[in-house]
Amino acid sequence: APVARGKGVAGRARGAGGGDMSHVTFDAQWRASMRDLLAQMESELPLVEEEDPAEKAANEILNPPNASSGADKEKEEKPPPEDLRGLREFAAAHAEYLRILTNLELVYDQMCHPQKREEVRRAMEACAGRALETRHWMVKLNDGVEAFALDDVLGDLKKTPDAVEIPVPRCFVEDRAESIEAREAFLHETRHKLRNEEEAARKKDHTESEILASDDAATPPVSAEDAESALKASAKRAEIEALQAYRFMRAPAMPEEDALRLIQRNERGRQGRARSFAMAETRREQELADAALLNKRSEAEVAVICQALIRGFLTRRRVRRLRDEELQFLGMKLPERLERLTLAEEAKLDATNEDAASVSSNRRAMELRDANNASARRALRTTRLEEMERATVELKQLVKQTEGREMRERVQDTINAWFVENRDPLTGEYPEFPGEDKGGSRDIIDPPPPKPPPPPPEDPKAKAAREKKEAEAKKKAEAEAKKKAEEAKKKGIVEKKPEKKVVAPVEFVREIRDALERYHAEWGDVSNFDLSTNFEQRHDAEKIVDRLRPAVFEEVRVETDAEMRSVLLHLKEMVAAEKGAGAGGGKKGKAGGGKKGGGGKKGGGKKGKGKKRSHRGSNPGVSVRRALSLRRGDTAGRTLPGEKK
């Protein structure tokens, strides 16, 4: 449906740099690739089915494990599911992953929407990882040999051998463009340096040779007769030295096997040459005998020979025609009249060749146009990415301005409630606020799940009986195993140790599953691919805001933590001041009682008790709100919620 609806704007997409490959094309290819990936996952998801972490924690809380069943926990655990697929099945899955990877790589290279490209990149990397996983497992199934004979598998899948070649995504090369350029520059500089060193060494050798030549030229000239005699003497000396060296030369040692092999090769070659010469001589003699016999034959015998030759030729021609008629009847060969070309047909064929040349030139022109369109789409892709980066900064400030106050109030209310709940009811002391190294108020706002309660203590008698029973069972099992080993040793049977089963890796299957879930959650709606609402392929501001909101909340939380630490310090100072005032009032009452009698003492005592009771019975939330109001700069006479005038 979205593809049909997008056909109306495909022409505009070509005008915007899309060419024949418009935005609709790559959106449709992305959806098709994700459907293929989902179909491929249907056969592999049972291998990685896991229990939901939240459900697992809830089960542990509701059904805590008993201490008595702790010893049997390992026995009750189920082993991981074993993958029983062989090399052929993994090869088919490997080829399918590579096909999907190629499609996703093309989509990622040509898609212009920046947020869609992020999801395509996530799926492409997961698919590439899974392809490498299957490749390594295929090597293990092939006894460590990396060369595979996959002709039958590719034939069944109707694919060519290049379907199992792992492609290198262009984005990987683009991301490492700077390092690649630096490496090329380093290699170029190194080659240039080596070339300069070679030239310097060559010049040095040339200079030394010139110096030697100049020294030779500086020697006094020698007459022609002396030079000729010296040349003859040196030649004679060299000949004598060569003869002496040849005389005392020893053949290198040769192994006996190599010597026998060499003798056999020479002997077999000699026998083959002799056999070929003998057969050639026999053939020549036979030809001479046949020629002599032909001269002795009569005309009747010669006629019979000619008839036999002609009849053989006619029979072979008839058989050939019958064979051609049978092939034409079966549709396996064209009729003879269609195979022959007349002059007009030859002229038509020449014209067809000219048309083919024009078609080839048109094809080259189309390829050039597609290349230009692809480069234009890459430029548009870069522009849209830069726009999204600028919009991300602006939207972050906007979210902080519009929602920051509400976030701050929520964090403050949560921390205030935590202060009130954790305040000591006897002393009125406030708890210590977690430091930044411990996450601050993160655990206060979003508390971790409660730990499961410890198992109830086991009865000492039951525990002793269970341990005794386990020790006896273990001792009995060891005795039986020892007895079986001795019997097998007497019989000469070697007991093989059980091999540990190695399970096929499925790490990237989970990554692909997460990518599919994210795709269906964010881009599964058909309206996301409607070009009538976003023809320019710009970013989606709502999705950016949803992604930025947690980061903004974290910044606001850190700022609020700093404020609440100062508020907590002020509250502690207030509590200390109230305690000091209460202690001073009590002492004053005692002093009055000493002067005026028992009544004054009683009144002073009541006053002191009243202060203490007032401190114990005060509303702790009011103190927090008062501290916040003082922190914000409110007037001292302002009545806070929960206080009496």
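Applying the salt bridge (charged side-chain N to carboxylate O under 4.0 Å, His left out) test to K396 and every residue at least two apart in sequence or in another chain returns E555. Scanning for ring pair (Phe, Tyr, Trp, His ring centres under 6.0 Å) contacts around F553 gives an empty result, with sequence neighbours left out. With sequence neighbours excluded, the residues satisfying ring pair (Phe, Tyr, Trp, His ring centres under 6.0 Å) with H113 are W523. In terms of the side-chain contact (heavy atoms from CB on, under 4.5 Å) criterion, residue partners of E325 (sequence neighbours excluded) are, by chain and number, L322. Judged as a side chain to side chain donor-acceptor pair (under 3.5 Å), and not counting sequence neighbours, the contacts of R538 are E387. Applying the salt bridge (charged side-chain N to carboxylate O under 4.0 Å, His left out) test to D561 and every residue at least two apart in sequence or in another chain returns R557. With sequence neighbours excluded, the residues forming a side chain to side chain donor-acceptor pair (under 3.5 Å) with D175 are R121, listed by chain and number. By the side-chain contact (heavy atoms from CB on, under 4.5 Å) test, D324 is found to be paired with R320, Q328, K333, residues two or more places apart in sequence or in another chain being considered. Remark: D152 engages R88 in a side-chain contact (heavy atoms from CB on, under 4.5 Å) (not counting sequence neighbours). Residues forming a side-chain contact (heavy atoms from CB on, under 4.5 Å) with N142 (at least two apart in sequence, or on another chain): L87, V145, F148.
Applying the side-chain hydrogen bond (donor to acceptor under 3.5 Å, both in side chains) rule to pairs touching residues 179-191 yields nothing, sequence neighbours excluded.
Salt-bridge check for K116 with E119: failed, with every basic side-chain N at 4.0 Å or more from each acidic carboxylate O. The pair E174-R381 meets the salt-bridge criterion, with a side-chain N (NZ, NE, NH1 or NH2) lying under 4.0 Å from an Asp/Glu carboxylate O. Taking a cutoff of 4.0 Å between a charged side-chain nitrogen and a carboxylate oxygen, D514 and R122 do not qualify as a salt bridge. At a threshold of 4.0 Å, the pair E96-R99 counts as salt-bridged, since one of the basic side-chain nitrogens sits closer than that to a carboxylate oxygen.
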In a table with atom names and distances, give each donor-acceptor pair under 3.5 Å that connects a side chain of residues 158-165 to protein atoms at least two apart or in another chain.
| unit_1 | atom_1 | unit_2 | atom_2 | d |
| --- | --- | --- | --- | --- |
| T160 | OG1 | D162 | OD1 | 2.2 |

